[in-house]
Amino acid sequence: MRVGFFVFGGSMIISMRPHATRQEIDHVCERIREFGYKVHSIEGEERVVIGAVGMGDVTACLESLEATPGVERAMRISAPYKFVSKEFKPGRSVIKVNGLEIGGDEFIVMAGPCSVESEEQIMRTAESVAAAGARVLRGGAFKPRTSPYDFQGLELEGLKLLRKAKQATGLGIVTEIMSDRDVGLVAEYADCMQVGARNMQNFALLKSLGSCGRTVLLKRGMSSTVKELLMSAEYITAHGNPNVILCERGIRTFETATRNTCDISAIPVLNEMTHLPVILDPSHAAGKRSLVPALARAGVAAGADGLLVEVHPCPEKAVSDGAQSLALEDFRELMRSLDPYIRLWKEARAAESVAV
Ligand code: PEP
Ligand code: MN
């Protein structure tokens with residue numbers, strides 16, 4: 001509601017300076033309450049961020065806060081997702097995984113098997129995908145399976161094998177986290193914690209990942225809207241962890257020719273709505289290996305920041321998702337075929353940073 005030059009109601013985000021004192025933080029909270037707002041303060045590892053919701057005079061409150069000691073930035077945010085919105089941060093966020101920058105000027109390919117199955121399997125895959133140009137190794141040690149009788153993952157043994165593969169190749173590790181109980185354990189081994197489609201709205205897990213600090217790869221739920229994906233990302237950031245990468249992996253539609261429908265438009269849509277990086281998983285979208293290269297190229301062209309691809313040394317023997325996994329040679333071929341697309345992608349990114 002607008003009244004004259006003043007805006008009443010809505011929410012604000014107040015970012016405190018990294019070393020703001022307790023006294024400064026308390027004072028800011030007090031000022032916000034005086035303006036008629038409820039305060040929700042989030043203590044991150046680096047800084048305190050204060051959310052304010054209510055029906056006070058936003059314009060006057062923001063003006064006052066900007067002049068209050070300890071405040072770095074105070075702003076009104078109209079989107080329901082706040083920290084992840086473009087309003088909060090225009091442009092792109094660069095998120096680190098094992099020293100690599102996702103969302104920057106490199107297109108990052110993550111590849112590996114659906115499940116970690118054995119030492120031989122993960123080592124062979126890691127060496128092969130690294131040689132082909134992948135920068136991060138994927139592999140599930142904790143597997144979310146539709147049937148309780150299916151392989152559930154090697155768990156700790158799988159995490160140890162991923163570490164071994166990392167030591168041998170230098171690849172970063174992305175692996176799935178399924179329960180808030182395992183956050184500490186998985187964070188010891190993973191450079192990036194994958195939240196699978198089935199857990200996108202596991203709010204207890206999202207909150208634990210928020211207090212953990214390790215980079216999170218958040219996959220879109222198979223029946224979730226883009227807005228719901230952003231609200232889940234907001235859970236992680238609102239609880240103190242800004243290091244989130246989003247992943248489109250296909251959604252459920254009436255179409256049965258593919259396992260899921262690759263929502264390619266989610267990539268430019270997300271790029272308009274959020275500063276977080278967005279990658280595409282063409283494997284789970286397709287469900288069929290012959291379709292993976294075309295979807296992968298579409299992802300690069302649509303402006304994704306990277307890809308997550310399932311690769312297996314012997315797909316027909318894979319314990320999970322063999323039908324959509326590329327053999328090692330198929331993956332090498334895919335990487336070669338992506339080259340000209342990635343060159344154009346880099347030109348587009350370079351032009352973007354000149355324009356900014
Ligand atoms: C996976 O990456 O192997 C996986 C289970 O993906 P999703 O959660 O997207 O189904
Ligand atoms: Mn899989």
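All values below were derived from every heavy atom in this structure, side-chain atoms included, with hydrogens, water molecules and symmetry-related copies excluded. In listed order, ligands and their atoms are each counted from 1.
In terms of polar-atom proximity, Lys143 is counted as a contact of ligand 1, with an N or O under 3.5 Å from an N or O of the ligand. Distances between N or O atoms of Asp321 and those of ligand 1 include no value under 3.5 Å.
Heavy-atom proximity to Arg198, at under 4.0 Å, picks out these atoms of ligand 1: 7 (P), 8 (O), 10 (O). Atoms of ligand 1 found under 4.0 Å from any heavy atom of Gly196, numbered from 1 in the order shown, are 8 (O). For ligand 1, the atoms closer than 4.0 angstrom to any heavy atom of Cys114 are 3 (O).
For atom 8 (O) of ligand 1, the closest non-hydrogen atom of the protein is Ala197 N, 2.7 Å. Among protein heavy atoms, the minimum distance from atom 5 (C) of ligand 1 is reached at Glu176 OE1, 3.8 Å. In this structure, atom 6 (O) of ligand 1 lies nearest to the protein heavy atom Lys219 NZ, 2.9 Å. Nearest protein heavy-atom contact of atom 4 (C) of ligand 1 is His284 NE2, 3.4 Å. With hydrogens left out, the protein atom closest to atom 9 (O) of ligand 1 is Arg249 NE, 2.7 Å, a heavy atom.
Using a cut-off of 4.0 Å between Lys/Arg side-chain N and Asp/Glu carboxylate O, Glu333 and Arg336 are scored as salt-bridged. Classification of Glu352 and Arg92 as a salt-bridged pair holds, one side-chain N sitting under 4.0 Å from a carboxylate O.
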Distance-only check: which donor-acceptor pairs under 3.5 Å involve side-chain atoms of residues 137-147, not counting sequence neighbours?
unit_1, atom_1, unit_2, atom_2, d
Arg138, NE, Pro113, O, 3.1
Arg138, NH2, Cys114, O, 3.1
Arg138, NH2, Glu310, OE2, 3.4
Lys143, NZ, Cys114, O, 3.2
Arg145, NH1, Phe151, O, 3.1
Ser147, OG, Tyr149, N, 3.0

For residues 122-130, please give each side-chain donor-acceptor pair under 3.5 Å, one per line with the distance, not counting sequence neighbours.
unit_1, atom_1, unit_2, atom_2, d
Thr125, OG1, Gln121, O, 2.6
Ser128, OG, Arg332, NH1, 3.3

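Take the N/O/S atoms of Glu310: the one nearest the Mn ion (ligand 2) is OE2. When you scan the N, O or S atoms of His284 for the one nearest the Mn ion (ligand 2), you land on NE2. Among the heteroatoms counted here (N, O or S) of Asp321, OD2 is the one nearest to the Mn ion (ligand 2).
When the shell of 6.0 Å around NZ of Lys89 is examined, it contains more than 12 heavy atoms from other residues, nucleotides or ligands. Sparse packing is recorded around CZ of Arg252, with 12 or fewer heavy atoms of other residues, nucleotides or ligands lying under 6.0 Å away.
By the 4.0 Å heavy-atom criterion, Gly140 is excluded from the residues contacting ligand 1.
Follow the hydrophobic side-chain contacts under 4.5 Å out from Leu338 and you never reach Ile108; the two are in separate clusters.
For His275 and Ser93, the side-chain atoms include at least one donor-acceptor pair closer than 3.5 Å. Side-chain contact, Thr68 with Arg31: no donor N or O sits under 3.5 Å from an acceptor N or O. For the 3.5 Å distance criterion, the side chains of Asp321 and His284 qualify, holding a donor opposite an acceptor.
Contacts with ligand 1 closer than 4.0 Å are made by no heavy atom of Met222, backbone or side chain.
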